[in-house]
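Below you'll find the structure, written out as structure tokens, and then a few comments.
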Amino acid sequence: MAKSIASRAENYSQWYVDIIKKAKLAEHSAVRGSMVIRPYGFAIWENIRDQLDRMFKETGHVNAYFPLFIPKSFLSKEAAHVEGFAKECAVVTHYRLMNNPDGEGIVVDPEAKLEEELIVRPTSETIIWNSYRDWIKSYRDLPILINQWANVVRWEMRTRLFLRTAEFLWQEGHTAHATREEAIEEAERMQEVYATFAEQYMAMPVIRGTKSESERFAGALDTYTIEALMQDGKALQAGTSHFLGQNFAKAFDVKFSNEENQEEYVWATSWGVSTRLMGALIMTHSDDDGLVLPPRIAPIQVVIVPIPKPSEELDEVARQIMQDLKAAGITSQYDNDAKNRVGFKFAEHELRGIPVRIGLGMRDLENNQVEVARRDTKEKSFIPLDNLTSSLRTLLEEIQSNLFNKAVQFREEHTSRVDTMEEFESVLEDKGGFVYAHWDGSPETEEEIKNRTKATIRCIPLDAPEEEGVDLVSGKPSKRRVVFAKAY
RNA sequence: CGGGGUGUGGCGCAGUCCGGUUAGCGUACCGCGUUUGGGACGCGGGGGCCGCAGGUUCGAAUCCUGCCACCCCGACCA
């Protein structure tokens, strides 16, 4: 009996939810729009987090932690920023409950009203820049390169597991620099860190680019983004890095003395990725049989299934294999459950996306070999026990690159170049994906295209060559193509 | 906030229109046995204030009123 995951073709969003639930990554909680991340899902997130954390540290950053609560007045200091977030803030107005004087239960104590309401952070620029004011006096105090791992709350109207939840986990880097150039360099560097991570670890190809003005982060002068393509042909913004100019320095009065002893405002960046990456991971590689994880992110890289069931002899062989794998830095698990049969276990481990499965049975052991099945292609082969560890190491690398190559191929098949509005609409209708088209740079064209097709400018790609063309809507001249897509 | 839908053992559902014994089915769970190289089978068992609060009635999962929650689609957004 199958575990009934909806197929992608029949109902894509149901398929997505089914994978998350059946693979026990997460589930809806008692709180609207907020999810419970289950141990297996959290283990994947920990791998994402740990690797990113290493990369942040390699690029000179340190971790710190700032408060969950932000005084209401802070948020309004930067005009564009408050404009962007005001509509989705959770607000703390009281600090005490009391027994309901009129009956059952407890009620908010009206006496315990806060003088100034506190906002549950939707992002931390304001509370952090308020601290930076005290920390930065001289050019010698710069740069400040801080990251924090935290939860934030954005009271979204419509939520989806991992992709958009009211509360989510993320990291947010907040850096302060003496010059414009240095800040821009930082923002670009972190975009590249994200892109490298996405491609090398998540096996998810991304387009590097900058956002159009209307898609920019609230308070940024420039937003650098990485954009990935999901299997339903929709784009997903997977990470952003913002050049904030001096907006927050001015809002929070953060000045430093330069080498000539002149006062200047500090230049800023901020950058973040969230548990949304989990959604990206799922939708990039998984299939109708369940989750597919790239080996570098998988919490368990190899699972060993005794056939037909655990026995002293098989347990001993498995123990030895696992010891060798551990020494080689490969994570493994032995499925010594005695209740379920192998067919059930195979399906279960495929559902969980474990990259490699070893079938350990007496028939093969007599031939000094094991059966090895890879999750990405479902292919099985027999590998001699003698060089099992090195074979598996090679196989895991091959799976990692195969997943990346498949995703690249999918993206190429779903990338189009169009020159007329008719083509644009028909391409979006037929196969979706990324559409490269000329744009005159006007918000009017963006708006018009969005209204007509629901597609938005995902980014102005960094590697776009100069090329003469005309805007799809206005017919005005354009120097380069930008990337359009329907997006999450 | 607009439109649609759903709340019944852990999960998935039937029953509700047309009120009537101890609320049922599948699955999961526990026990015993037989099985075991791709999602096993038999027998036995435990688990429900039918979303919440009122009301109608001899009697409510079912009818009425109010409330709450969640999901899906849209606008907003990482």
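Note on naming: letters A, B, ... go to the chains in the order of the sequence lines (proteins, then strands), and numbering restarts at 1 for each one. Computed over heavy atoms, backbone and side chain alike; hydrogens, waters and symmetry mates excluded.
For the side-chain contact (heavy atoms from CB on, under 4.5 Å) test, residues two or more places apart in sequence or in another chain that qualify with A:D53 are A:K57, A:N63, A:N147, A:W149. For A:A347, the side-chain contact (heavy atoms from CB on, under 4.5 Å) test picks out no residue, with sequence neighbours left out.
The local environment of NZ in A:K72 is sparse, with at most 12 non-hydrogen atoms from other residues, nucleotides or ligands closer than 6.0 Å. Crowding of A:E313 atom CD: a count of heavy atoms from other residues, nucleotides or ligands under 6.0 Å not exceeding 12.
In this structure, the side chains of A:F217 and A:H81 come closer than 4.5 Å at one or more pairs of heavy atoms. A:L291 places none of its side-chain heavy atoms less than 4.5 Å from the side chain of A:R352. Under the 4.5 Å side-chain criterion, counting only non-hydrogen atoms from C-beta, A:F74 is not in contact with A:I119.
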Enumerate donor-acceptor pairs with a distance under 3.5 Å from any side-chain N or O in residues 359-370 of chain A to protein atoms, sequence neighbours excluded.
residue: A:N367; atom: ND2; partner: A:R363; partner atom: O; Å: 3.4
residue: A:N368; atom: ND2; partner: A:D386; partner atom: OD1; Å: 3.1

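Considering only the side chain of A:R363, B:G37 comes nearest among B:G37, B:G39, B:A78.
Separating the P atom of B:C50 from that of B:U22 is a span of 14 Å, rounded to the nearest Å. Across B:C70 and B:U62, the matching P atoms stand 23 Å from one another, rounded to whole Å. Rounded to whole Å, the P atom of B:U16 lies 43 Å from the corresponding atom of B:G33. Taking atom C1' on both B:A78 and B:C17, the two are 46 Å apart, rounded to the nearest angstrom. For B:C18 and B:C63, the P atoms lie 8 Å apart once the distance is rounded to whole Å. Rounded to whole Å, the separation between the C1' atoms of B:U21 and B:G55 comes to 25 Å. Comparing the C1' positions of B:G19 and B:C32 gives a spacing of 43 Å, expressed to the nearest Å. Here, B:C11 and B:C29 have their C1' atoms 12 Å apart, quoted to the whole Å.
If you check every strand for non-hydrogen atoms under 4.0 Å, A:M278 touches nothing. As judged by a 4.0 angstrom heavy-atom cut-off over every strand, A:T123 is placed among residues making no nucleic acid contact. Across all strands, A:F217 comes closer than 4.0 Å to no nucleic acid atom at all (heavy-atom distances). As judged by a 4.0 angstrom heavy-atom cut-off over every strand, A:R357 is placed among the base-contacting residues. Residue A:L163 is classed as a base contact, given a heavy-atom separation below 4.0 Å to a base. Counting non-hydrogen atoms under 4.0 angstrom, A:E156 reaches a base of the nucleic acid.
Summarising the geometry of A:L75 relative to A:V82, their closest heavy-atom pair is O-CB, 3.2 Å, with the distance given to 0.1 Å.
The 5' end of RNA chain B is approached more closely, in terms of each residue's nearest nucleotide, by A:D289 than by the other of A:D289 and A:A218. Toward the 5' end of RNA chain B, the nearer of the two residues A:Q14 and A:R154, judged by each one's closest nucleotide, is A:Q14.
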Check nucleotides 31-36 of chain B for protein N or O atoms closer than 3.5 Å to its own N or O atoms and list the pairs.
residue: B:U35; atom: O2; partner: A:R341; partner atom: NH1; Å: 3.1
residue: B:U36; atom: O4; partner: A:K309; partner atom: NZ; Å: 2.5

Restricting both atoms to N or O, compile the protein contacts to nucleotides 69-71 of chain B shorter than 3.5 Å, with distance only.
residue: B:C70; atom: OP1; partner: A:R32; partner atom: N; Å: 2.4
residue: B:C71; atom: OP1; partner: A:H28; partner atom: ND1; Å: 3.0

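Results of the side chain to side chain contact (heavy atoms under 4.5 Å, CB included) test with A:L145 over A:V62, A:T175, A:T59 single out A:T175 as the only residue that passes.
Seen from the ring of A:Y40, A:K24 does not count as a face-on cation partner, given the 6.0 Å and 45° thresholds.
A donor atom on one side chain and an acceptor atom on the other are not found under 3.5 Å apart for A:R121 and A:S124. For the 3.5 Å distance criterion, the side chains of A:S214 and A:E446 qualify, holding a donor opposite an acceptor.
Secondary-structure annotation of RNA chain B gives the stems B:1-7 with B:68-74, B:10-13 with B:24-27, B:29-34 with B:40-45, B:51-55 with B:63-67, with a stem taken as at least 3 successive Watson-Crick or G-U pairs whose two distances both fall under 3.5 Å.
Residue-to-nucleotide contacts include a donor-acceptor pair under 3.5 Å from the side chain of A:E350 to the base of B:G38.
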